[in-house]
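Since the model is a prediction, treat every value here as computed from it, not as a measurement.
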Amino acid sequence: MRVLLDEDLPRRLAGLLTDHSVSTVPRCGWAGVKNGKLLALAADSFDVFLTMDSHLEYQQNLATLPIAVLVISAQSNRIEHLVPLVPLIMKALLEVKPCKLSRLEP
């Protein structure tokens, strides 16, 4: 699965999501791009957009995009708070559906 990490997630998380092709918004040259345009860009090259932006579903019409969105709820975006969630993230990545937003709440 091709996964794009939002700017609000540490890039070190990419290396923990084994068995997936993971990139980051800055690595793609999209740093600072707003969510609507970012999701449109991501939809061309990725299957899943991984973020901690809990308001994304209220700001965008996800049904119009062929990309799944996975929103992670964690204590913070620090890597030490995300590492324990990696098994849950890996499982959720296998279950996400295009044009849908899923929440990962431990």
Side-chain angles (χ1 to χ4, degrees):
M1 184 155 306
R2 299 165 301 160
V3 180
L4 180 64
L5 297 185
D6 198 0
E7 288 181 276
D8 60 0
L9 291 167
R11 68 174 181 249
R12 289 178 30 205
L13 182 62
L16 301 175
L17 303 177
T18 56
D19 299 330
H20 297 285
S21 174
V22 184
S23 191
T24 65
V25 168
R27 189 179 302 149
C28 291
W30 301 331
V33 176
K34 300 294 181 196
N35 282 340
K37 184 173 181 183
L38 178 60
L39 287 170
L41 289 167
D44 288 335
S45 303
F46 296 93
D47 303 304
V48 181
F49 182 64
L50 194 59
T51 185
M52 288 187 73
D53 183 350
S54 61
H55 300 293
L56 185 67
E57 70 182 303
Y58 307 111
Q59 301 166 348
Q60 304 300 320
N61 183 2
L62 301 175
T64 63
L65 296 172
I67 189 170
V69 176
L70 180 58
V71 177
I72 301 171
S73 294
Q75 183 177 352
S76 79
N77 66 346
R78 294 174 54 187
I79 193 70
E80 57 266 23
H81 294 140
L82 295 170
V83 167
L85 301 178
V86 167
L88 296 173
I89 295 170
M90 295 291 285
K91 184 176 186 285
L93 287 174
L94 297 175
E95 298 171 353
V96 294
K97 304 285 186 224
C99 307
K100 300 283 183 195
L101 181 137
S102 301
R103 293 186 176 279
L104 178 68
E105 299 182 38

What do the steps show when you test V69 against K100 for side chain to side chain contact (heavy atoms under 4.5 Å, CB included), and what is the final call? CA-CA 6 Å; V69 176; K100 300 283 183 195; over 6 Å; no
Starting from the C-alpha separation in whole Å, work towards a yes-or-no answer on side chain to side chain contact (heavy atoms under 4.5 Å, CB included) for I67 and D44. CA-CA 9 Å; I67 189 170; D44 288 335; over 6 Å; no
Run the side chain to side chain contact (heavy atoms under 4.5 Å, CB included) check on L93 and V3 step by step: do they pass? CA-CA 9 Å; L93 287 174; V3 180; 4.1 Å; yes
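Summarising the geometry of A43 relative to P66, their closest heavy-atom pair is CB-CD, 3.8 Å, with the distance given to 0.1 Å. Taking each heavy atom of T24 and L4 in turn, the nearest pair found is C-CD1, 3.5 Å.
Atoms CG and CD1, from L16 and I79 in turn, are 5.0 Å apart once rounded to the nearest 0.5 Å. Going from atom CD1 of I89 over to atom NE2 of H20 covers 10.0 Å, rounded to the nearest 0.5 Å.
Within a 6.0 Å radius of CZ in R12, no more than 12 heavy atoms belonging to other residues, nucleotides or ligands are found.
Side-chain contact check for S21 versus M1: every heavy-atom pair is 4.5 Å or farther apart. Between L5 and V22, some side-chain heavy-atom pair lies under the 4.5 Å cut-off. Within the 4.5 Å cutoff, the side chain of T51 has no heavy atoms near those of the L70 side chain. V25 has its side chain out of reach of V33: every pair of non-hydrogen atoms, C-beta onward, lies at least 4.5 Å apart. When side chains are defined from C-beta on, M52 counts as touching L9, because their heavy atoms get closer than 4.5 Å. Two residues are said to be in side-chain contact when any heavy atoms from C-beta on lie closer than 4.5 Å; R103 and S54 meet this criterion. Counting heavy atoms from C-beta outward, L38 and D6 have side chains that approach closer than 4.5 Å. Put simply, the side chain of V83 does not reach to within 4.5 Å of the side chain of L13, judged on heavy atoms.
By the side chain to side chain contact (heavy atoms under 4.5 Å, CB included) test, A68 is found to be paired with V48, V96, residues two or more places apart in sequence or in another chain being considered. Qualifying side chain to side chain contact (heavy atoms under 4.5 Å, CB included) partners for P106, counting only residues two or more places apart in sequence or in other chains: L85, L88.
When atom types are taken as modelled, the side chain of E7 and the backbone of G32 share a donor-acceptor pair closer than 3.5 angstrom. Checked by atom type and distance alone, the side chain of N35 never pairs as donor or acceptor with a backbone atom of L56 at under 3.5 Å.
L101 and L41 fall within the same hydrophobic cluster, where Ile, Leu, Val, Met, Phe, Trp and Tyr residues are linked whenever their side-chain heavy atoms come under 4.5 Å apart, directly or through other members.
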